[in-house]
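Notes for the one structure printed next.
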Amino acid sequence: MSSGRAACATTRALAVVAPSAFLEILTHPAGTRTVVTVSGEIDIDTEQTLQQALRLALARSPAGVDLDLTGVGFCDCSGLNVLLRVRRIALADGKTLGVRSLSPWVERLFALTDTSSLFTHTRVPVNGVVNGWHGHHERSAAAHDLMEENGVSDEAEELRTEVVQLKRAMLTRPVIDLARGILMASFGLSPDDAWSVLVDVSQHTNTKLHQLAEDLVDSVNGPPLPDHLHQRITTAIAEIPRPA
């Protein structure tokens, strides 16, 4: 086996997570740290896969985890909240979660939510790397000091998470509401029924909800919807229960 294939085999062996059609996660050791490369879309459908992979990589790394997010084409508040949760776990263990490279989408999300500074290596774990033989109380005290040093408290993290959710909702809600309005106007649906149709089509066609909404809105003055989406919309509308 060539060295390239061996490295690939090692990388995939470490990424023992549930498969996802929308997300690929590869890991490999780098000294006392572990590099995790994420490609695809990070949202409510894939957040558990990402969290499982990051916690596994963190547990196997003495000093922490570095993320390569160059291949991430979409990330919403669900993905960012995973990063914030895993970061807190890392700090509690005297480790760090850093981002070494990121895609334009993630860069924009970090900028909008003012969270990029939380994933830099301007701070290091207490005593350089985590010492596994330290007692629980000593690690907890060190983690507390580290979080205080960074100016981060549990309340601040929770508030930041709420801000992330609100800002992300502001970004994605308009196009989804527009898509619902198109369905309501075109087929005489109620707001709830229009939402149900969007969810049904998204699930049955493996199309992300935000992407489906964008395609539907674009189809008004642009290219028509792909046949498989148009057919599923027709089917979903036909399956809506009608009053007797």
Problem - Spatial distance of atom CG (L83) from atom CZ (R87) [nearest 0.5 Å] - result: 10.5 Å
Tabulate below the donor-acceptor pairs under 3.5 Å that side-chain atoms of residues 212-231 make, not counting sequence neighbours, or state none.
unit_1 : atom_1 : unit_2 : atom_2 : d
D215   : OD1    : Q211   : NE2    : 3.0
S219   : OG     : L216   : O      : 2.6

Exercise for the section: Look at the side-chain heavy atoms of Ile, Leu, Val, Met, Phe, Trp and Tyr, link any pair under 4.5 Å apart, and say whether V35 and V106 land in one connected group. Expected result: no
Handout entry: Donor-acceptor pair, side chain of S61 and main chain of L58, under 3.5 angstrom
Key = no
Exercise for the section: Would you indicate whether the side-chain heavy atoms of V38 and E24 approach each other to under 4.5 Å? Expected result: no
Practice task
Specify whether F74 and W105 have parallel, tilted or perpendicular ring planes, treating 30° as the upper limit for parallel and 60° as the lower limit for perpendicular.
Solution key: tilted
Practice task
Might you point out which heavy atoms bring I42 and T46 nearest each other, and give the distance in Å?
Solution key: CA-OG1, 3.2 Å
Problem - ILVMFWY network linking L54 to I44, side-chain heavy atoms under 4.5 angstrom - result: no
Exercise for the section: Classify the side-chain pair S101/T70 by whether it contains a donor and acceptor separated by less than 3.5 Å. Expected result: yes
Handout entry: Closest non-hydrogen atom pair between A57 and V65, with its separation
Key = C-CG2, 3.9 Å
Problem - Shortest non-hydrogen contact from I25 toward T49 - result: CD1-O, 3.9 Å
Practice task
Could you tell me which non-hydrogen atom of F119 sits nearest to which non-hydrogen atom of L80, and how far apart they are?
Solution key: CE1-CD1, 4.4 Å
Completion exercise
dist L26:CG -> D68:CG (nearest 0.5 Å) comes out at 10.0 Å
Exercise for the section: Check the hydrophobic clustering (I, L, V, M, F, W, Y; side-chain heavy atoms under 4.5 Å; chains of links allowed) and say if I237 and I176 are grouped together. Expected result: yes
Handout entry: N/O donor-acceptor pair under 3.5 Å between S202 side chain and T207 backbone
Key = yes
Exercise for the section: Can you measure from NZ (K95) to OG1 (T34) and round to the nearest 0.5 angstrom? Expected result: 8.5 Å
Practice task
Report the distance from atom CG of D76 to atom CG of N81, rounding to the nearest 0.5 Å.
Solution key: 8.5 Å
Practice task
Start with the C-alpha gap between R33 and D66, add the side-chain angles, then the distance that decides, and say whether salt bridge (Lys or Arg N to Asp or Glu O under 4.0 Å) holds.
Solution key: CA-CA 7 Å; R33 302 184 66 79; D66 292 322; 3.0 Å; yes
Practice task
Measure across M184 and A194 and return the closest heavy-atom pair with its distance rounded to 0.1 Å.
Solution key: CG-CB, 3.7 Å
Exercise for the section: In sequence, state the C-alpha distance, the side-chain angles, and the governing distance for W195 and L183, and then conclude on side chain to side chain contact (heavy atoms under 4.5 Å, CB included). Expected result: CA-CA 9 Å; W195 171 254; L183 292 175; over 6 Å; no
Problem - Under 3.5 Å: donor-acceptor pair, side chain of D43, backbone of D45 - result: yes
Problem - Any pair counted as salt bridge (charged side-chain N to carboxylate O under 4.0 Å, His left out), so long as it reaches residues 193-207, sequence neighbours left out - result: D200-R232
Practice task
List the atom of F110, the atom of V99, and the distance in Å for their closest heavy-atom pair.
Solution key: CE2-CG2, 4.2 Å
Handout entry: Atom pair CZ (R85) and CD (Q51), whose distance is rounded to the nearest 0.5 Å
Key = 4.5 Å
Handout entry: R100 (side chain) donor-acceptor with L67 (main chain) under 3.5 angstrom
Key = no
